[in-house]
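For clarity, every value in this text was computed on a predicted model and none was experimentally measured.
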Amino acid sequence: QVQLVESGGGVVQPGDSLRLSCAASVNIASFNAMNWYRQSPGKQRELVATISAGGVTSYADSVRARFIISRDNGKNTVNLQMNSAQPEDTAVYYCNARRIKLVPLDTEDYWGQGTQVTVSS
């Protein structure tokens with residue numbers, strides 16, 4: 001059974017940094033991608049950052065150059081370093097592990113319970 005546990009959320013001021021962590025109960029190298037999503041009240045869940053099994057990263061335009069996603073396969077953890085936090089970054093942040101099946105084409109997704117990040121002065 002795959003379990004993902006996020007940690008590191010909290011309340012910070014604009015301009016501060018915060019580091020989120022996601023601990024997996026299984027070997028994260030078995031997933032095609034590890035992702036961080038976020039959801040604010042009244043908004044759809046949005047993809048924030050992705051890191052592939054090969055270490056390739058991608059980011060939403062709103063966080064590029066401020067956030068950094070990384071993975072430690074030895075510890076089965078994925079981290080999201082949030083720099084220069086802004087009020088619009090306030091959301092519940094979710095860790096996601098995804099496997100892509102080719103035949104038939106499908107995805108297998110696992111989610112953490114989420115961690116609240118609030119950016120406020």
ask   = Yes or no on side chain to side chain contact (heavy atoms under 4.5 Å, CB included) for L20 and E6, after CA distance, side-chain angles and deciding distance?
value = CA-CA 7 Å; L20 305 183; E6 301 98 334; over 6 Å; no

ask   = Taking a hydrophobic cluster as the set of Ile, Leu, Val, Met, Phe, Trp and Tyr residues connected by side-chain heavy atoms closer than 4.5 Å, whether directly or through intermediates, do I100 and M34 fall within one such cluster?
value = no

inquiry  = Strictly distance-based, threshold 3.5 Å: is any side-chain N or O of S25 a donor or acceptor partner for the main-chain N or O of Q1?
reply    = yes

inquiry  = Taking Y37 as the starting point, is it possible to reach V117 by hopping between hydrophobic residues whose side chains are less than 4.5 Å apart?
reply    = no

message = If you compare all heavy atoms of D109 against all heavy atoms of W111, which two are closest, and at what distance to 0.1 Å?
response = CB-NE1, 3.9 Å

inquiry  = Distance check, rounded to the nearest 0.5 Å: I51 atom CD1 versus Y59 atom OH?
reply    = 7.0 Å

ask   = Does a side-chain heavy-atom distance below 4.5 Å link N35 with R98?
value = yes

ask   = Transitively linked via ILVMFWY side-chain contacts under 4.5 Å: I28 with Y94?
value = no

query = What distance do S62 atom OG and D89 atom CG have between them, rounded to the nearest 0.5 Å?
reply = 7.0 Å

remark   = Value for CD (Q113) from OG1 (T115), rounded to nearest 0.5 Å, stands at 7.0 Å

query = Could you give the distance from CZ (R64) to OG1 (T57), rounded to the nearest 0.5 Å?
reply = 9.5 Å

Within-4.5 Å side-chain heavy-atom neighbours: T50 and I69 = no

ask   = Is there a side-chain contact between W36 and C95 (heavy atoms, below 4.5 Å)?
value = yes

key: ILVMFWY cluster, V92 and L80 together (side-chain gap under 4.5 Å)   = no

query = Is L4 reachable from V26 through a run of hydrophobic residues whose side-chain heavy atoms are each under 4.5 Å from the next?
reply = yes

key: Atom of S70, atom of R19 and distance for their closest heavy-atom approach   = OG-NH2, 4.4 Å

task = Using modelled atom types only, decide if a donor and an acceptor are shared between the side chain of Q39 and the backbone of A91 within a distance under 3.5 Å.
result = no

ask   = Are any of the side-chain heavy atoms of R38 and E46 separated by less than 4.5 Å?
value = yes

ask   = How far apart are the closest heavy atoms of V12 and S17, and which atoms are they?
value = CG1-O, 4.3 Å

ask   = Counting distance only, does the side-chain N/O of R71 pair as donor-acceptor with the main-chain N or O of S52 below 3.5 Å?
value = yes

query = Closest approach of S121 and P14, non-hydrogen atoms and distance?
reply = N-CD, 3.7 Å

key: Donor-acceptor contact below 3.5 Å, side chain T90 vs main chain S40   = no

ask   = Relative to each other, are the rings of F31 and Y110 parallel, tilted or perpendicular (30° and 60° limits)?
value = perpendicular

inquiry  = With rounding to the nearest 0.5 angstrom, report the CD1 to CG distance, I68 to N79.
reply    = 11.0 Å

message = In the structure I gave you, are the side-chain heavy atoms of V119 and E88 within less than 4.5 Å of one another anywhere?
response = no

ask   = Distance-only, no hydrogens or angles: does the R66 side chain make a donor-acceptor pair with backbone N or O of S84 under 3.5 Å?
value = yes

